[in-house]
Number of protein chains: 2
Amino acid sequence: MKSQRSECPISQSLDVWGDKWSLLIIRDLMTAKQLTYGDFLKAPEGIATNILAARLLMLEENGLIEKLDHPESKAKVLYRLTGKGIDLVPVMIEINLWAEKHFTIPADRKAMLKEVKKDKEGFIKAGMKELRRS
Amino acid sequence: MKSQRSECPISQSLDVWGDKWSLLIIRDLMTAKQLTYGDFLKAPEGIATNILAARLLMLEENGLIEKLDHPESKAKVLYRLTGKGIDLVPVMIEINLWAEKHFTIPADRKAMLKEVKKDKEGFIKAGMKELRRS
DNA sequence: ATACTTGCTTGCGTTTTGCAAGTGCAAACA
DNA sequence: TGTTTGCACTTGCAAAACGCAAGCAAGTAT
């Protein structure tokens, strides 16, 4: 996850978030909007704490997420998506749709995707707007 | 790249193609339709031959690509996308659009994306249909 | 027959990952 | 005010994955 491999847009994108964990971090931030370090550790996939720290740093350096002060404690840190990170919503939706077609996925996700299919563009636009308000 | 981490659609997807190379292999197959082992090695990113072999095997095992006999030589092997692989076209397009917005990408890719934006759904549908014909 | 191409495999040193334990600071508690 | 707890990371180290170079078997060309 260091230098650029080629100028191909896919390749450049993978250089930033193309590892086993980054998209899961971004996923969590898309559903929760703001999360602490500890919140990420609670995700069912069980990311190791050192890997989490490394990924958060890299995503921050690449401008996909940002830190902000926790309103009620200096000991806590909040992470949230930047505009660049929010712009990944369409990618995330398409991955979900692909997974739904080819895997068995949880019922709540299916329900969400049912809404997506009614009006994909509208759903995405609304979701992104909502994220920007937080 | 072995076992399933969770039932989340994003997580399950990453378990299949969420490494540094798989999407580049799939990208190459989307633009070229059919490629030999050696063709993949020629990609500008420079994948190592043992890694390529491992990824092709994993993608085949997961039903994203398939091998077929080369029409003019038994020494050569052709790889192409299956329906499951072709279904990743929308994901790939969205990644391209994201990259275009946040990185500097080659002119030819920009031209392609200009076409996409005129009629995204139509472009994707046509592209997938074309891939299925080969 | 011989040399060359093609699609891998093997060895091995380097890098990344993953697990466990530890550190430093802030907040809560006694 | 001293102490314990919670939170955000760091550090150490073994295991796995990666990356490069060389090797190899089957197929093709000369």
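In this structure Lys101(B) satisfies the side-chain contact (heavy atoms from CB on, under 4.5 Å) test together with Asp87(A), sequence neighbours excluded. By the side-chain contact (heavy atoms from CB on, under 4.5 Å) test, Glu130(B) pairs with Lys33(B), Arg133(B), sequence neighbours left out. In terms of the side-chain hydrogen bond (donor to acceptor under 3.5 Å, both in side chains) criterion, Lys125(B) has no residue partners (sequence neighbours excluded). Residues satisfying the side-chain hydrogen bond (donor to acceptor under 3.5 Å, both in side chains) test with Lys67(B), not counting sequence neighbours, are none.
Near DNA chain C, defined here as any heavy-atom distance below 4.0 Å, there are no residues from residues 37-44 of chain A.
The side chain of Tyr79(B) places no N or O atom within less than 4.0 Å of a non-bridging phosphate oxygen (OP1 or OP2) of dT6(C). The phosphate of dG19(D) has OP1 or OP2 within less than 4.0 Å of a side-chain N or O from Trp21(B).
Of the candidates dA8(D), dT17(C), dC18(D), dA8(D) carries the atom nearest the Thr36(A) side chain, counting heavy atoms from C-beta on.
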Using a 3.5 Å cut-off and no angle test, enumerate the donor-acceptor pairs between side-chain atoms of residues 41-54 of chain B and protein atoms at least two apart in sequence or in another chain.
residue, atom, partner, partner atom, Å
Lys42(B), NZ, Asp39(B), OD1, 3.3
Glu45(B), OE1, Arg27(B), NH2, 2.9
Glu45(B), OE2, Ser6(A), OG, 2.6
Glu45(B), OE2, Arg27(B), NH1, 2.9
Thr49(B), OG1, Tyr37(B), OH, 2.8

Would you give me the side-chain donor-acceptor pairs under 3.5 Å for residues 107-117 of chain B, sequence neighbours excluded?
residue, atom, partner, partner atom, Å
Glu115(B), OE2, Lys118(B), NZ, 3.1
Lys117(B), NZ, Glu100(B), OE1, 3.0
Lys117(B), NZ, Glu100(B), OE2, 3.4

Could you write out each protein N or O paired with an N or O of nucleotides 12-14 of chain D at a distance under 3.5 Å?
none

Contacts under 3.5 Å, N or O only, protein and nucleotides 21-30 of chain C:
residue, atom, partner, partner atom, Å
dA27(C), OP1, Lys74(A), N, 2.7

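Taking a 4.5 Å side-chain heavy-atom cut-off between Ile, Leu, Val, Met, Phe, Trp and Tyr, the cluster of Leu68(A) extends to Leu78(A).
Screening residues 70-84 of chain B for side chain to side chain donor-acceptor pair (under 3.5 Å) gives Glu66(B)-Arg80(B) as the qualifying pairs, with residues at least two apart or on separate chains.
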